[in-house]
A.B. asks: 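I am attaching a structure below and will ask some questions about it afterwards.
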There are 2 protein chains.
Amino acid sequence: MTSLKIPMPLPVGATIGILGDGQLGRMLSQSAARLGFKVAIYGPDPASPAAEVSSLSFVGDYDDQAALARFAAVCDVISFEFENIPVSCLAYLKSLGAHIFPNPEALGVTQDRIAEKQFARSLGIETVEFAEINTASDLDKAIITIGLPALLKTRREGYDGKGQAWVKTPEDAALAFSALGDKPAILEAKADFVREISVIAARGQDGDIRVYPVGENHHRDGILSTTVAPAKVTQDQQAKAVSIGRQILDALDYVGVLAVELFVMNEGGLWLNEIAPRVHNTGHWTQDGCLCDQFEQHIRAICGWPLGDTYAHTKIEMTNLLGEAVLEAQILAGEPKARLYIYGKGAPKPGRKMGHVNRVMG
Amino acid sequence: MTSLKIPMPLPVGATIGILGDGQLGRMLSQSAARLGFKVAIYGPDPASPAAEVSSLSFVGDYDDQAALARFAAVCDVISFEFENIPVSCLAYLKSLGAHIFPNPEALGVTQDRIAEKQFARSLGIETVEFAEINTASDLDKAIITIGLPALLKTRREGYDGKGQAWVKTPEDAALAFSALGDKPAILEAKADFVREISVIAARGQDGDIRVYPVGENHHRDGILSTTVAPAKVTQDQQAKAVSIGRQILDALDYVGVLAVELFVMNEGGLWLNEIAPRVHNTGHWTQDGCLCDQFEQHIRAICGWPLGDTYAHTKIEMTNLLGEAVLEAQILAGEPKARLYIYGKGAPKPGRKMGHVNRVMG
């Protein structure tokens, strides 16, 4: 990384830096290695799922400029595996001349639930009604315009159902706001949806876009439990999902893979739930449903390689292995149509994503 | 690794040791990681294709007992990725209490081309006529019984066409023997075969056996060029190949994956060419043809897990990327039905296996 001119496409043997050291970084790293790239992982944990399968590992916090500089010095391109990387971290890397994909501005939009919904609406993509909440009194007012029940979420961060609370009666309001730590928040109207689907889409450095068939998601206790893909949706809905993916990718001048979670509404329309600017749990089915999965696709995009085919040759049910479910790995391995992905994490705490299994359907 | 009792099946998080640090070790390591195992690589090269994707790497020669002891101390089970590991190395590891699969005796048989053919014949598996050659005068005599042309090979080692020479006339004999370094050798009659196929077979610790459909191999300059699988063979030939695989696995009390290269003779019979006691280049097609590929299958076997399904859901043509062919990786990535595997090696020397591509056929 010595020049501001991006040497694309990156040749085999180049080094890809990944900010974040969890299972998404692990699977990105394995795909990158399969294409002949070296991978450098940056994250707080020296024995992380991602570092364990990567040629280089840099341990540090996201504000540790000395460690970030050492990391950047070996990387030909840098990407990230989770959306809560501080934008200041990316700005610092950029100031060093690092080539970062997707661009940090896209991350900024999706880190803020209000900016995200405003962005979607600016593209004509529908969302639930929402209101910005900074004080308990904002919340009292918003309840009147949004109606109840409504969902209160922290404006930033939060995942797997963390950082959110239902407000069912006006009396819940103050408690919900303080439960979320009196932080800037968003109040969202309850979506009258029948299903949740997600669309995994990729955009290359040349602007080429590829979109996978949509998957249908089922959550349990706020955590993704299964994705079935390709999902049973109408041709119109698939086309609409593709169009939403394209609009978002183009508007953000995005390079890489992103996931868009959508509500299928009662009347058949698709509304935006949220955008994840990265490979996503609801795209794990592509590992066994498609010849080029979301991880390889992301690596291709950020390296300036041609994007891969998104045709689904096989219908897959992806099931997360949460907590102690991972202890049944050997039993699952006995199923002839199951393929296992275990993340190499330590203790199987309840609700912790320890692995997943893709089952060939039908 | 503290007990002589084998703690099988190994739990997720256990450490698998692999002797050998090339591309086969790399792909074994990636499959092991996907199942949640940690991998320790032992080999001479600190920046090897296998070490680069593994959590632990031990650098040393195969007779470096101090380094081997450090390696063994972290491994719950040990296997190997190439057949020329000195048996003394495995004996030393065993003396330390290491659990080694497949068993070193199987390696001993396949390291010696004469013992290998004698072993096959003892099972009723046909081979070409052959003679043991220790001196130039042995060779002169053998030419008379074996006939010409015949193939002279070193008795041990040799791969990808190295360590062999054709003897076409009696006058070639002395030159061929000295070209091979006057080493113990084997003279093999020319096989009157129409095709070469190979069968990849696995045996678990419980004796369960799974055999993949056979693949047809094509070589160029003595190096494997392509494998197409499942190959067009008669049902009888597939059944015979499976039966040969089973016989060999059972007779060697083998645990893990092995490859048997077979000649399809003019009259339709199958004769043994050679046995490789490891995952094999002619089995790379399973990565995209089967849900459980040869690498995962080997890891399952050595860890005492149930063996995976060997059904071929897709017909694949595997092509090796030799030398500078790897520089076309990005072009190959543009083919919608191709999946790339690049080994992360340094210089693309002529004939060096740098990667392979699996193409979905039809």
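These numbers come from a predicted model, not from an experiment.
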A.B. asks: Can you find a heavy atom in the side chain of B:M361 that is under 4.5 Å from one in the side chain of B:V228?
C.D. replies: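 B:M361 vs B:V228: side chains touch.
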A.B. asks: Picking from A:V12, A:L291, A:L10, which has the most non-hydrogen pairs under 4.5 angstrom with chain B?
C.D. replies: A:L291
A.B. asks: Which region of A:L56, side chain (C-beta onward) or backbone (N, CA, C, O), has a non-hydrogen atom less than 4.5 Å from a non-hydrogen atom of chain B, or is it both or neither?
C.D. replies: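 It is neither, since no heavy atom gets under 4.5 Å.
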A.B. asks: Check whether any side-chain heavy atom of B:L19 sits under 4.5 Å from a side-chain heavy atom of B:I41, and report yes or no.
C.D. replies: no
A.B. asks: What's the shortest heavy-atom distance between A:I223 and A:G351, and which atoms?
C.D. replies: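 Looking at all heavy atoms of both residues, the closest pair is CD1-O, 3.8 Å.
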A.B. asks: Please tell me if the side chains of B:I16 and B:I299 come closer than 4.5 Å, counting only heavy atoms from C-beta onward.
C.D. replies: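 Result yes, sub-4.5 Å side-chain heavy-atom pair found.
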A.B. asks: Enumerate, including both backbone and side-chain atoms, all donor-acceptor pairs under 3.5 Å from chain B to chain A.
C.D. replies:
unit_1: B:L10; atom_1: O; unit_2: A:Q330; atom_2: NE2; d: 3.1
unit_1: B:R26; atom_1: NH2; unit_2: A:A33; atom_2: O; d: 2.7
unit_1: B:Q30; atom_1: O; unit_2: A:Q30; atom_2: NE2; d: 3.4
unit_1: B:Q30; atom_1: NE2; unit_2: A:Q30; atom_2: O; d: 3.4
unit_1: B:A33; atom_1: O; unit_2: A:R26; atom_2: NH2; d: 2.7
unit_1: B:R34; atom_1: O; unit_2: A:I342; atom_2: N; d: 2.7
unit_1: B:R34; atom_1: NH1; unit_2: A:L340; atom_2: O; d: 2.7
unit_1: B:K38; atom_1: NZ; unit_2: A:E52; atom_2: OE2; d: 2.6
unit_1: B:E52; atom_1: O; unit_2: A:S55; atom_2: N; d: 3.1
unit_1: B:E52; atom_1: OE2; unit_2: A:K38; atom_2: NZ; d: 2.5
unit_1: B:S55; atom_1: N; unit_2: A:E52; atom_2: O; d: 3.1
unit_1: B:L291; atom_1: O; unit_2: A:R339; atom_2: NE; d: 2.9
unit_1: B:R300; atom_1: NH1; unit_2: A:A333; atom_2: O; d: 2.7
unit_1: B:R300; atom_1: NH2; unit_2: A:A333; atom_2: O; d: 3.4
unit_1: B:Q330; atom_1: NE2; unit_2: A:L10; atom_2: O; d: 3.2
unit_1: B:A333; atom_1: O; unit_2: A:R300; atom_2: NH1; d: 2.7
unit_1: B:A333; atom_1: O; unit_2: A:R300; atom_2: NH2; d: 3.3
unit_1: B:R339; atom_1: NE; unit_2: A:L291; atom_2: O; d: 2.9
unit_1: B:L340; atom_1: O; unit_2: A:R34; atom_2: NH1; d: 2.7
unit_1: B:I342; atom_1: N; unit_2: A:R34; atom_2: O; d: 2.7

A.B. asks: Would you mind telling me which of A:A329, A:G355, A:P49 has the largest number of heavy-atom pairs within less than 4.5 Å of chain B?
C.D. replies: A:A329
A.B. asks: Only pairs of heavy atoms separated by less than 4.5 Å count here; which of B:P306, B:A333, B:G344 has the most with chain A?
C.D. replies: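 Maximum pair count with chain A is reached by B:A333.
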A.B. asks: Please look at A:A51 and chain B and tell me whether the side chain, the backbone, both or neither of the residue comes under 4.5 angstrom of a heavy atom of that chain.
C.D. replies: neither
A.B. asks: Less than 4.5 Å to any heavy atom of chain A: does that hold for the side chain of B:A47, its backbone, both, or neither?
C.D. replies: neither
A.B. asks: Could you name each residue pair satisfying ring-ring contact (aromatic ring centres under 6.0 Å, His included) that touches residues 314-334 of chain A, not counting sequence neighbours?
C.D. replies: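 Those involving residues 314-334 of chain A do not exist here.
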A.B. asks: Please give me the minimum heavy-atom distance between A:A201 and A:L249, naming the atom from each residue.
C.D. replies: CB-CD1, 3.6 Å
A.B. asks: Measuring heavy-atom distances to chain B, does A:V360 have an atom under 4.5 Å in its side chain, in its backbone, in both, or in neither?
C.D. replies: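 Just its side chain gets close to chain B.
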A.B. asks: Would you say the side chain of B:I100 lies within less than 4.5 Å of the side chain of B:V77, judging by non-hydrogen atoms?
C.D. replies: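 B:V77 vs B:I100: side chains apart.
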A.B. asks: Applying side-chain contact (heavy atoms from CB on, under 4.5 Å), can you list everything that pairs with B:A301, at least two apart in sequence or on another chain?
C.D. replies: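 Residues passing side-chain contact (heavy atoms from CB on, under 4.5 Å) with B:A301: B:V255, B:L307.
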A.B. asks: Who passes ring-ring contact (aromatic ring centres under 6.0 Å, His included) against A:F80, sequence neighbours left out?
C.D. replies: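 Here no residue qualifies.
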